[in-house]
Amino acid sequence: MTSYKGYIMTIGLEVHVELKTDSKIFCSCSTDFGASANTQTCPICLGMPGTLPVMNIKVVEYAIMAGLATDCKISLNSKMDRKNYFYPDLPKAYQISQYDMPLCINGYLDIVTAEGEKRINITRIHLEEDAGKLIHDDEKGTMIDCNRCGVPLIEIVTEPDFESTEQVGIFLNKLRTILLNLGISDCRMNEGSFRADVNLSVRKETDKLLGTRTEMKNLNSFAFIQKAIEYEFVRQVDSLLADKKIVQETRRYDEKNKKTYSMREKEDADDYRYFPDPDLVPINLTDEYVQSIKRILPILAKDKKPQIMKKYGLSSFDSEMLVSDMKISVLYETAASLTSAYKTLANLMIPLSEKALEIKAERWAVIADMTDKDQINTTTAKKLIDMLLKEDFDPKQQVKIKNMFQINDIQKLKEYVTKAISLNAKSVESFKSGNIQAMGPIVGYVMKITKGCANPSKVNEIVLDMLKDMDI
Ligand code: ADP
Ligand code: MG
Ligand code: ZN
């Protein structure tokens, strides 16, 4: 990758999210996924001439929820526009969308990466209808299923603020959990209810202006998104190094060959001949209406995070991890109401992420408590957690029955260490000749003969002291 040094990539995302309303955006057809082809259609979503669409108010409500959760400004006056293009899965030959007056604008989402916090600005969130689906069959040819025509979508467009694959992954995950927490979408990437278009450009580090972007459409798994980005970055830098211009175009990522291919040169907005849809009234909202939606929002991660930091004295990173799924934050807080070992509890719970939910809050509390009070060590705590993932039991009793208590008694530990030293002559010699690492096997031996129950930091101290005091 050395020749790619000096080049930066810039990414902007357009995320399409199907909303979980019972009925479609402009008619009363069902939005259920997986029904037989064309059984959930009517003259309106089939685009018959003379039919009239009517806005589903639930769609507006859900989109406002998404806007509020991402700190967008909600436009009290917006409208629906026609985006004109011909595509076989779009019977009307236009898509009803929003153009110059989207419902939500100027939001953001803060993400935490290894390098620290980063703000991703959200340009807009607008409403639109989904298109149908083409099914390609070797014998029957290409068929169309219109069940998806008119399923409500929000499109979330970000500024070109991403500089790495890692940032894109963290953002998409965070956005997805926010929408799941709001209950407005299933966000199933494999069913297409959460899919992202990746716009990517490269430029020299010294260049101020962004390079020409290409767009990769409808990537429906995190793994594909990552691979597509990596491939496209290298392809674009290679082009520039070979003195070739990047063409603004739509590219398809081929999962089999792990390459992107040009599909078509990118249209500009002008080509779509946008105009206000004459069949739909403008969306005029009152501030009270928006406030009433704000009141029914569930607690949001961005509000919960500072509360957790303050109440339990946790770091920004730990708190971010605990609110990454609001169910985990509820579990943490329930457990934290039963113990004061807040930091230990977080340390034990965070590495498990959503698997933590499989263990009862009271069990978490007891394990954190015993660890914090030096009754058991971290190795034992992790052992108990592993066992609890398989079946539920009372950890306190288990520790008693199996005698898993931590050995803190210095006299006892010294006896173990003496034995370990006498049986590990080679390590002792190596330590004496200056290799500090050589104490590892001695500590390891003590842990082994105590079935992992010795207090590891005390064993370390004693081993170090004893070895230093020895004259050879
Ligand atoms: P379109 O409908 O033509 O795709 P949008 O405005 O909806 O246009 O989306 C443009 C997307 O491309 C945004 O996510 C934006 O951040 C991103 N973008 C714009 N310019 C660049 C660039 N030079 N490099 C990378 N991404 C870009
Ligand atoms: Mg686009
Ligand atoms: Zn319909």
Side-chain angles (χ1 to χ4, degrees), residues 7-16 21-32 35 38-48 51-56 59 81 83 85 91-92 95-100 102 105-109 120-126 128-132 145-164 167-168 171-172 175 196-204 207-219 228-229 232-233 236 240 246-251 263-272 274:
Y7 283 90
I8 307 179
M9 76 171 147
T10 303
I11 295 170
L13 297 177
E14 295 159 81
V15 186
H16 286 92
T21 52
D22 293 333
S23 58
K24 292 185 179 179
I25 183 168
F26 302 123
C27 63
S28 56
C29 291
S30 165
T31 56
D32 282 350
N38 299 308
T39 54
Q40 293 170 172
T41 56
C42 74
I44 295 173
C45 55
L46 286 173
M48 302 289 182
T51 56
L52 280 178
V54 177
M55 176 62 82
N56 178 348
V59 172
D81 299 282
K83 183 179 185 180
Y85 62 102
K92 293 199 293 278
Q95 178 188 26
I96 304 181
S97 180
Q98 292 193 297
Y99 179 50
D100 54 343
I105 52 170
N106 296 341
Y108 63 85
L109 211 57
I120 304 298
N121 289 289
I122 292 172
T123 319
R124 56 193 276 154
I125 302 180
H126 68 247
E128 60 185 32
E129 58 179 339
D130 211 343
D145 177 5
C146 285
N147 284 350
R148 207 175 66 178
C149 290
V151 167
L153 289 177
I154 49 174
E155 177 171 337
I156 301 163
V157 183
T158 78
E159 290 293 300
D161 285 345
F162 300 92
E163 286 155 348
S164 70
Q167 289 173 4
V168 170
F171 173 86
L172 286 173
L175 180 63
D197 300 351
V198 175
N199 297 272
L200 187 151
S201 66
V202 301
R203 71 185 149 98
K204 279 201 187 126
D207 286 349
K208 284 223 169 61
L209 289 179
L210 294 184
T212 304
R213 70 178 153 122
T214 62
E215 180 184 40
M216 292 172 281
K217 271 199 174 302
N218 287 334
L219 296 165
I229 290 175
E232 185 61 11
F233 172 65
Q236 288 194 18
L240 294 181
I246 308 290
V247 187
Q248 183 172 329
E249 62 186 356
T250 300
R251 298 180 70 85
M263 279 168 77
R264 55 174 189 263
E265 289 214 356
K266 175 90 185 127
E267 305 81 358
D268 280 318
D270 288 357
D271 300 327
Y272 290 120
Y274 278 102

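All ligand and atom numbering here is 1-based and tracks the order in the structure.
- Residue contact check: Leu13 has heavy atoms under 4.0 Å from atoms 14 (O) of ligand 1.
- Contacts of Val157 with ligand 1, taken as heavy-atom pairs under 4.0 Å, involve the side chain alone.
- Considering both main-chain and side-chain atoms, Glu14 comes within under 3.5 Å of ligand 1 through a nitrogen or oxygen pair.
- Atom CG of Asp22 has 12 or fewer heavy atoms from other residues, nucleotides or ligands within 6.0 Å.
- Of all atoms in ligand 1, listed by their number and element, those nearer than 4.0 Å to a heavy atom of Glu159 are 16 (O).
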Item to check | Working for side-chain hydrogen bond (donor to acceptor under 3.5 Å, both in side chains), residues Glu159 and Thr123 | outcome: CA-CA 6 Å; Glu159 290 293 300; Thr123 319; 2.7 Å; yes
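- With Arg213, His126, Arg124, Glu215 as candidates, the residue nearest to atom 19 (C) of ligand 1 on a non-hydrogen basis is Arg213.
- Below 4.0 Å from some heavy atom of Gly211 lie the following atoms of ligand 1, by number and element: 23 (N).
- Within 6.0 Å of atom CG in Leu52, more than 12 heavy atoms from other residues, nucleotides or ligands are found, so the atom counts as buried in its surroundings.
- Residues Cys45 and Gln40 approach most closely at SG-O, 4.3 Å, considering heavy atoms.
- Applying the 4.0 Å criterion to heavy atoms of Leu210 picks out, from ligand 1, the atoms 22 (C), 23 (N).
- Here the shortest heavy-atom pairing between Val59 and Pro152 reads CG2-CB, 3.6 Å.
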Checklist entry - Please walk me through it: do Glu14 and Asn199 pass side chain to side chain contact (heavy atoms under 4.5 Å, CB included)? => result CA-CA 8 Å; Glu14 295 159 81; Asn199 297 272; 2.7 Å; yes
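- Taking the six-membered ring where the residue is Trp, Tyr272 and Tyr85 present perpendicular rings, their angle passing 60° and hence far from 30°.
- Rounded to 10 degrees, the SG-metal-SG angle spanning Cys42 and Cys45 at the Zn ion (ligand 3) equals 110°.
- For ligand 1, the atoms lying closer than 4.0 Å to a non-hydrogen atom of Pro160 are 16 (O), 26 (N), 27 (C).
- Some N or O of Ser201 is nearer than 3.5 Å to an N or O of ligand 1, by distance alone.
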